[in-house]
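Structure first, then comments.
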Number of protein chains: 2
Amino acid sequence: MFKVSRKSEYALMAIQHMARLAPDAVVSVADLAAQEDIPADLLAKVLQGLKRAGLLIASKGAGGGYRLARPAGEIRFLEVVRPFEEQIAVVSCHSPVTDCQRTDACSLRDPMSVLNAYLMRQFEQMTMELFVSPHTWLTTGPRTTTPAEATSLGRRA
Amino acid sequence: MFKVSRKSEYALMAIQHMARLAPDAVVSVADLAAQEDIPADLLAKVLQGLKRAGLLIASKGAGGGYRLARPAGEIRFLEVVRPFEEQIAVVSCHSPVTDCQRTDACSLRDPMSVLNAYLMRQFEQMTMELFVSPHTWLTTGPRTTTPAEATSLGRRA
DNA sequence: TCATATCGGACTCAACCGGTCCGTTACTAG
DNA sequence: CTAGTAACGGACCGGTTGAGTCCGATATGA
Ligand code: FES
Ligand code: FES
């Protein structure tokens, strides 16, 4: 359960890597693949995906490559991963692509939605800054939500 | 990402179902399968797994079946699901069964372990009581940990 | 002793996923 | 202007995994 796909892992690595470079540095697939030891063809797909998601900006031709569309602190974990995970839900009930009939009658739906919503919130709060400088992130914390709200699992709806 | 296997779903349904019966009621695979509309042979496997995990008690022979080993409030979500998910980790780094080399050099390991530990804690706090009477659970909340501790993501280690 | 249930191994089939290959398009350095 | 470079993206492939089935073995109560 909840292991991300390998593409997602590569995506995380890529963004982490780029975030450590100079703000608008451009890096090619080939370079990145070599340095992070990732199969180049596959990494290409991943970066294309990230570009389509608006996280990266591509420039073709000689001397081209990819660069971050915005600073790491403004990129959320969920955004990085979403292009490569069609199923982002704990249980079949949620998520558009459901093979499982029973959807309405399902007795798991309601209780699970509590958990689901909660996890989502966490993943949205977590920015890629955590991957660049864990320490500052840990002391700074997520920005969008107050810590108090984070207790809401097990309290109100 | 993080969708549980179908077996886990069945496991959750089964325990939820049994928790709604009289405390020590015994139910057979066949009955349960019929009532919850689950392929019987498969459900059998699932219940065997839950028994091996110590969550259910089986009695063979005529009039036999399964019953809960302890009340729902003392069964944690993670326990129910674990027998059917060998990979309980967000990223390859963690989890014993890792195909991914790079384990030590991996730049994802540390930041992810923060998230990982946090999720684990959540899943451990959540009892199956949530599936039986969501309302009371929501107002009562998890018992093992104080709400204050729940804020720990994004704060200390 | 027979009907009933759990037990658990073996097996099938389909979907998915990581990975590869290759031709096309676009841009830029020279 | 041209040659080289790099992103783009579709097609394909093999291995693994997961859902589901079948069936014989074992235990047990009526
Ligand atoms: S598990 Fe199938 S709809 Fe809830
Ligand atoms: S992703 Fe392979 S070890 Fe971290």
Side-chain angles (χ1 to χ4, degrees), chain A residues 1-11 13-14 18 26-34 36-53 55-67 69 81 83-87 91-92 95 97-102, chain B residues 1-11 13-14 18 26-34 36-53 55-67 69 81 83-87 91-92 95 97-102:
Chain A
M1 117 191 243
F2 69 29
K3 185 172 164 316
V4 300
S5 71
R6 185 137 295 187
K7 284 187 189 174
S8 293
E9 289 184 0
Y10 293 153
M13 290 187 202
M18 298 174 80
V26 168
V27 59
S28 75
V29 171
D31 283 1
L32 192 51
E36 292 283 352
D37 190 34
I38 299 174
D41 274 324
L42 185 49
L43 180 61
K45 293 279 164 53
V46 170
L47 296 190
Q48 283 168 35
L50 291 176
K51 181 215 159 181
R52 237 171 283 136
L55 300 184
L56 297 184
I57 296 175
S59 43
K60 286 188 175 183
Y66 290 95
R67 65 175 216 270
V81 151
F84 313 105
E85 318 282 337
E86 85 292 14
Q87 269 287 17
V91 94
S92 311
S95 127
V97 200
T98 203
D99 41 346
C100 183
Q101 263 53 23
R102 192 175 359 219
Chain B
M1 117 191 243
F2 71 28
K3 186 171 164 315
V4 299
S5 72
R6 185 139 296 185
K7 284 187 188 173
S8 293
E9 288 184 0
Y10 294 154
M13 290 185 200
M18 298 173 80
V26 168
V27 60
S28 75
V29 171
D31 283 3
L32 192 52
E36 291 284 350
D37 189 35
I38 298 174
D41 273 324
L42 185 49
L43 180 61
K45 292 281 164 51
V46 170
L47 296 189
Q48 284 169 34
L50 291 176
K51 181 217 159 180
R52 236 171 283 135
L55 301 183
L56 297 183
I57 296 176
S59 43
K60 287 187 174 183
Y66 291 95
R67 66 174 215 271
V81 150
F84 313 106
E85 319 280 338
E86 83 292 15
Q87 269 287 16
V91 94
S92 311
S95 128
V97 201
T98 201
D99 41 345
C100 183
Q101 262 53 21
R102 192 174 1 219

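So that the names make sense, note that chain A is the first sequence line, chain B the second, and so on, each numbered from 1. The shown structure was predicted, so the numbers you read here are calculated from the model rather than taken from an experiment.
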Identify which nucleotide among D:dC8, D:dG18, C:dG8 has an atom closest to any side-chain atom of B:Glu86, counting heavy atoms from C-beta outward.
->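 Side chain of B:Glu86 sits closest to D:dG18.
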State which of C:dC7, D:dA7, D:dG9 makes the closest approach to the side chain of A:Val29.
->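 Closest of the options to the side chain of A:Val29: D:dA7.
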Nearest whole angstrom, please: distance from the [atom2] of [N] to the [atom1] of [X].
X: B:Leu50; N: C:dG8; atom1: CG; atom2: P; result: 13 Å
X: A:Gln48; N: C:dT20; atom1: CD; atom2: C1'; result: 14 Å
X: B:Leu32; N: C:dA5; atom1: CG; atom2: P; result: 13 Å

Distance check: side-chain N/O of B:Lys51 vs OP1/OP2 of C:dT6, anything under 4.0 Å?
->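 Checking C:dT6 against B:Lys51, no side-chain N or O comes under 4.0 Å of OP1 or OP2.
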Ignoring backbone atoms, establish whether B:Arg52 has a side-chain N or O less than 4.0 Å from OP1 or OP2 of C:dG8.
->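 So the side chain of B:Arg52 is within the cut-off, an N or O lying under 4.0 Å from OP1 or OP2 of C:dG8.
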Between the first and last five pairs of the helix from C:dT1-D:dA30 to C:dG30-D:dC1, the angle of the axes, rounded to 10 degrees =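 It works out to 20° between the end axes.
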Is the backbone N or O of A:Val4 less than 3.5 Å from a side-chain atom of A:Glu9, with the two atoms forming a donor-acceptor pair by type?
->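 Absent.
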Which atom names give the shortest non-hydrogen contact between B:Ser28 and B:Gly64, and what distance separates them?
->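 Heavy-atom minimum between the residues: CB-O, 4.1 Å.
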Write down the protein N/O and nucleotide N/O pairs, taken from nucleotides 19-26 of chain D, whose separation is under 3.5 Å; answer none if there are no such pairs.
unit_1	atom_1	unit_2	atom_2	d
D:dA19	OP1	B:Arg6	N	2.5
D:dG20	OP2	B:Tyr10	OH	3.1
D:dT21	O4	B:Lys45	NZ	3.1

Just one of A:Val29, A:Ile57, A:Leu55, A:Val26 clears the side chain to side chain contact (heavy atoms under 4.5 Å, CB included) bar with A:Tyr66, so which one?
->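 Answer to the side chain to side chain contact (heavy atoms under 4.5 Å, CB included) test with A:Tyr66 among A:Val29, A:Ile57, A:Leu55, A:Val26: A:Val29.
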